[in-house]
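Predicted model only: the values in this text are computed from it and were never measured. All values below were derived from every heavy atom in this structure, side-chain atoms included, with hydrogens, water molecules and symmetry-related copies excluded. Below, read A as the first sequence line, B as the second, and so on, with proteins coming before strands; counting in each chain starts at 1.
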Amino acid sequence: MAPSTSPPRHWLFKTEPDAYSIDDLARALRQTTCWDGVRNYQARNFLRDDVQVGDRVLLYHSNCDPLAIVGTLRVVRAGYPDHTAFDPREQHYDPKSTPEAPIWQMVDVRLIQKFARPATRAMLLADPRLKAMAVLQRGSRLSIQPVTVDEWQIVHELAGATDR
DNA sequence: GCCAACGTTGGC
DNA sequence: GCCAACGTTGGC
């Protein structure tokens with residue numbers, strides 16, 4: 001496959017902080033982790049085909065209080081097989097996925113910054129410029145979502161954070 | 001706790 | 001291939 005020449009892109013990754021939070025990442029070795037456990041084909045396709053090293057990610061805390069974008073990550077390794085699917089002891093074990101024929105993908109991410117003031121869902125919903133943002137749409141379930149440059153910048157503005 | 005939205009499964 | 005049943009996600 002020919003190397004892509006497109007510029008780094010922007011994404012939003014969801015996580016339930018009870019399972020894995022931005023503070024967990026801040027404490028991790030080199031503030032880096034593999035983003036495992038994605039078990040949705042559309043999200044898998046983004047990880048496999050589109051997420052590139054250097055891409056930046058808004059980290060969203062779901063299923064918690066407060067709901068918020070809590071910081072940013074950088075992709076440091078592109079898609080590769082999610083080996084947690086092979087292990088019956090893992091929560092996201094999938095017997096259909098094997099080392100010989102892996103189904104699920106993960107990427108590695110490193111913390112860029114934890115927002116001192118998270119951009120809460122209420123703040124995001126209140127900004128008319130974010131009307132089309134995927135994570136704010138009713139019924140949005142996709143855990144890996146593309147984000148536009150405008151959305152990326154507006155989120156930083158709302159968080160009072162420097163775009164790094 | 002409720003429930004709408006969405007994805008997956010499996011009978012036919 | 002259709003679609004009903006079921007399970008999960010995730011905001012409220």
Could you work out which one of B:dA5, C:dC12, B:dT8 sits closest to the side chain of A:Y41? B:dT8
Candidate nucleotides B:dA4, B:dT9, C:dG10, ranked by approach to the side chain of A:K14 - the nearest: C:dG10
With no hydrogens and no angle check, is any side-chain donor or acceptor of A:T33 less than 3.5 Å from a backbone partner on A:W35? no
Classify the nucleic acid contact of A:S140 as base, sugar-phosphate or nothing, counting any heavy atom under 4.0 Å across all strands shown. sugar-phosphate
A:D94, A:N40, A:D82 screened by side-chain hydrogen bond (donor to acceptor under 3.5 Å, both in side chains) with A:W104, the one that passes: A:D94
Using only side-chain N and O atoms of A:R141, determine if any of them is under 4.0 Å from OP1 or OP2 of C:dG11. no
Rounded to whole Å, the CG-P distance (A:L12 to C:dG10) equals 11 Å
What is the distance, rounded to the nearest whole Å, between atom CZ of A:R138 and atom C1' of C:dG10? 12 Å
Of the nucleotides B:dC6, B:dT9, C:dG10, which has the atom closest to the A:E16 side chain? C:dG10
Nearest-Å distance for atom pair CG/P, residues A:L125 and C:dG10: 15 Å
What is the distance from CG of A:D18 to P of C:dT9, rounded to the nearest Å? 13 Å
Rounded distance (Å) that lies between atom P of B:dG7 and atom CG of A:N45: 12 Å
Rounded to whole Å, how long is the line connecting atom CD1 of A:I144 with atom P of B:dG7? 15 Å
Output the single nucleotide from B:dA4, C:dC12, C:dT8 whose closest atom is nearest the side chain of A:L67. C:dC12
May I ask you to decide if A:V135's main-chain N or O and A:Q145's side chain share a donor-acceptor pair within less than 3.5 Å? yes
If I take atom CD1 in residue A:I103 and atom P in nucleotide B:dT8, what distance separates them, rounded to the nearest angstrom? 11 Å
Salt-bridge criterion met for A:R56 and A:D163 (N-O under 4.0 Å): yes
Send over the distance from A:N63 CG to B:dG1 C1', rounded to a whole Å. 13 Å
A:L12 with A:V57, same ILVMFWY side-chain cluster at under 4.5 Å: no
